[in-house]
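Structure first, then comments.
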Amino acid sequence: MRRYNKYNIYMGELIHKYAVSEIGRILETAGYDCELEEGPFNISAVKGDKCVLVMCSEDRDLLQRFDMTPYTIMLNGVKTRCDKIIFPGNTNFQAKESELWTMEKFSKYISDSAFARIFNEPFDIVSSPSFAYPGPVPAPLMPGYDLILPIRISAKDAVKVARQDGPTVLRMIPYWHYTYVSIGEATYKGKSVCFDEEGEGWINAVNGLDGEFENASPQPSEIPPDSDVVPIIKNKEETQAEVMQSLIKKLTRHVRIKTTSGDAIFAEERDFKPNEDNIELKFEKVYVPVWQVRGKKDIVEVNAYSGSELTVPSDEGCEVF
């Protein structure tokens with residue numbers, strides 16, 4: 001006979017049903033409009049401009065897929081990313097993109113929400129930092145401000161990196177920084193193909209070449225008045241269209257599907273690709289600072305953000321950062 005205590009709960013079918021029901025009551029007490037779902041999660045809950053999805057399970061594969069899959073919903077005509085809550089029972093599961101409800105947190109919410117219902121007191125769930133949008137939300141730009149990667153290398157240090165002794169000029173190179181979220185799937189003859197993915201990228205707005213800036217955080221700031229601002233050649237609309245087509249190509253899945261008819265086995269290969277409606281793409285202009293050091297024989301450029309020397313002068317349109 002299995003014994004249960006607060007630290008040893010096997011989430012059987014009945015306990016799973018009660019857990020889902022009680023989480024629904026907690027969210028409803030917090031003002032959410034809840035609906036039970038058939039899958040791939042148990043509850044969807046909406047409150048204002050926020051949506052929360054809930055999964056109760058001890059299946060690690062299901063939990064991991066739910067945790068790493070981004071979901072969106074249309075709220076008031078706006079495509080909104082959903083937050084996610086996971087209750088894994090007694091399973092030792094570490095969530096990466098969802099809020100994890102431990103036994104202790106679940107127990108406290110049960111008691112607090114019950115108290116709020118009985119005595120008509122205000123109640124809300126205290127969420128961890130939201131995973132609704134990838135990366136930090138950029139601060140609104142003030143008039144006269146642009147998004148800029150911070151200058152972390154001084155002109156004096158740039159001279160040392162360039163190994164040249166001469167005057168320096170700070171150049172501001174425009175880039176298009178983009179983030180994307182792809183959501184959706186295609187089905188064919190019982191085969192499901194998922195297009196879920198998210199990421200970011202950098203495109204040089206002068207020559208259209210890709211750039212890489214690890215863990216970069218653009219900041220709103222005034223462009224230094226004595227700097228040389230390089231004009232944009234690749235406009236936003238053109239670059240967005242190219243990036244969208246590149247993402248569709250990247251997310252296209254080549255699948256081999258096997259079917260049987262009697263004793264015969266047939267293999268069919270097909271390409272499944274998302275359409276533009278599956279992909280949410282956001283663009284922003286960011287200036288990357290570059291020190292140009294003019295020596296007696298050579299002109300050398302140094303990335304003022306990373307401190308690395310450029311292999312080719314940026315005004316030739318072939319920067320490598």
Side-chain angles (χ1 to χ4, degrees), residues 1-75 79-118 121-134 181 183-185 187 192 194-198:
M1 180 177 179
R2 183 183 295 273
R3 295 180 178 273
Y4 298 100
N5 56 51
K6 68 178 291 186
Y7 298 106
N8 179 24
I9 295 181
Y10 170 73
M11 201 185 301
E13 182 177 351
L14 188 59
I15 293 177
H16 175 274
K17 179 180 178 180
Y18 287 156
V20 171
S21 175
E22 194 59 46
I23 291 176
R25 294 191 70 189
I26 292 171
L27 291 172
E28 287 176 346
T29 305
Y32 287 83
D33 183 13
C34 299
E35 289 188 15
L36 294 178
E37 303 287 350
E38 295 292 329
F41 39 83
N42 303 115
I43 298 173
S44 62
V46 175
K47 178 182 180 181
D49 59 355
K50 185 176 182 180
C51 176
V52 177
L53 308 179
V54 180
M55 171 172 277
C56 299
S57 178
E58 290 185 335
D59 187 318
R60 289 181 176 273
D61 291 338
L62 288 178
L63 293 176
Q64 186 173 32
R65 177 170 174 77
F66 175 73
D67 182 39
M68 300 305 294
T69 299
Y71 296 91
T72 63
I73 187 174
M74 293 297 294
L75 293 177
K79 192 175 183 181
T80 304
R81 284 287 300 278
C82 300
D83 286 336
K84 293 174 288 186
I85 293 173
I86 286 177
F87 176 61
N90 201 41
T91 301
N92 185 20
F93 179 79
Q94 298 297 319
K96 294 182 178 180
E97 297 192 2
S98 305
E99 183 180 350
L100 189 69
W101 280 20
T102 61
M103 297 289 191
E104 290 79 7
K105 178 178 285 190
F106 187 24
S107 176
K108 186 175 188 307
Y109 278 151
I110 291 173
S111 61
D112 289 351
S113 62
F115 182 90
R117 289 192 298 271
I118 294 170
E121 293 287 338
F123 168 79
D124 200 358
I125 58 175
V126 181
S127 299
S128 301
S130 174
F131 293 97
Y133 297 95
V181 177
I183 298 175
E185 63 179 9
T187 57
S192 178
C194 181
F195 302 124
D196 293 349
E197 186 174 301
E198 60 183 60

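Note that the coordinates shown come from a computational prediction; the quantities given were computed from them, not determined experimentally.
Looking only at atom types and distance, the side chain of Ser44 has no donor-acceptor partner in the side chain of Glu35 under 3.5 Å away.
Atom SG of Cys51 and atom CG of Asp83 lie 8.5 Å apart (nearest 0.5 Å). Atom CD1 in Ile86 sits 10.5 Å away from atom CD in Gln94 (nearest 0.5 Å).
Contact between Asp67 and Ser98 at its shortest, heavy atoms only, is OD1-OG, 2.8 Å. Across all non-hydrogen atoms, the minimal contact from Lys105 to Leu100 is NZ-O, 3.9 Å. Here the closest heavy-atom approach between residue Lys84 and residue Phe66 is recorded as NZ-O, 3.2 Å. Closest non-hydrogen pair, Leu62 versus Ser57, comes out as CD1-OG, 4.1 Å. Residues Met55 and Pro40 share a closest heavy-atom pair of CE-O, 2.7 Å. The shortest heavy-atom contact between Arg81 and Thr72 is CD-CG2, 3.4 Å.
Proximity of a side-chain donor or acceptor of Glu97 to a complementary backbone N or O of Thr69 within less than 3.5 Å is not detected. Panel note: side chain Asp196, backbone Gly184; a donor-acceptor pair is recorded below 3.5 Å. Formation of a donor-acceptor pair under 3.5 Å by the Ser107 side chain with backbone atoms of Met103 is not found in this model.
Partner Trp101 forms a ring-ring contact (aromatic ring centres under 6.0 Å, His included) with one of Phe93, Phe87, Tyr109 and no other, that one being Tyr109.
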Please tabulate, one pair per line, all N/O donor-acceptor pairs under 3.5 Å involving side-chain atoms of residues 19-30, not counting sequence neighbours.
| unit_1 | atom_1 | unit_2 | atom_2 | d |
| --- | --- | --- | --- | --- |
| Thr29 | OG1 | Arg25 | O | 2.7 |
| Thr29 | OG1 | Arg117 | NH1 | 2.8 |

Using the rule given for side-chain contact (heavy atoms from CB on, under 4.5 Å), can you reason through Ile183 versus Val181, listing the C-alpha separation, both sets of side-chain angles and the distance that settles it, and then say yes or no?
CA-CA 7 Å; Ile183 298 175; Val181 177; 3.9 Å; yes

Tell me, with the steps shown, if Asp124 and Lys47 meet salt bridge (Lys or Arg N to Asp or Glu O under 4.0 Å).
CA-CA 11 Å; Asp124 200 358; Lys47 178 182 180 181; 3.4 Å; yes

With side-chain contact (heavy atoms from CB on, under 4.5 Å) as the criterion, how do Ile43 and Leu36 come out once you've worked through the C-alpha distance, each side chain's angles and the decisive distance to 0.1 Å?
CA-CA 5 Å; Ile43 298 173; Leu36 294 178; 4.0 Å; yes

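The aromatic ring centres of Phe41 and Tyr71 sit less than 6.0 Å apart.
The shortest side-chain heavy-atom distance between Asp49 and Thr80 does not fall under the 4.5 Å cut-off. Counting only heavy atoms from C-beta outward, the side chains of Val46 and Ile73 approach each other to under 4.5 Å. Looking at Arg60 and Thr91, their side chains come closer than 4.5 Å, going by heavy atoms from C-beta outward.
Asp33 pairs by the salt bridge (charged side-chain N to carboxylate O under 4.0 Å, His left out) definition with nothing, not counting sequence neighbours.
Within 6.0 Å of the CD atom in Glu197, the count of heavy atoms belonging to other residues, nucleotides or ligands exceeds 12.
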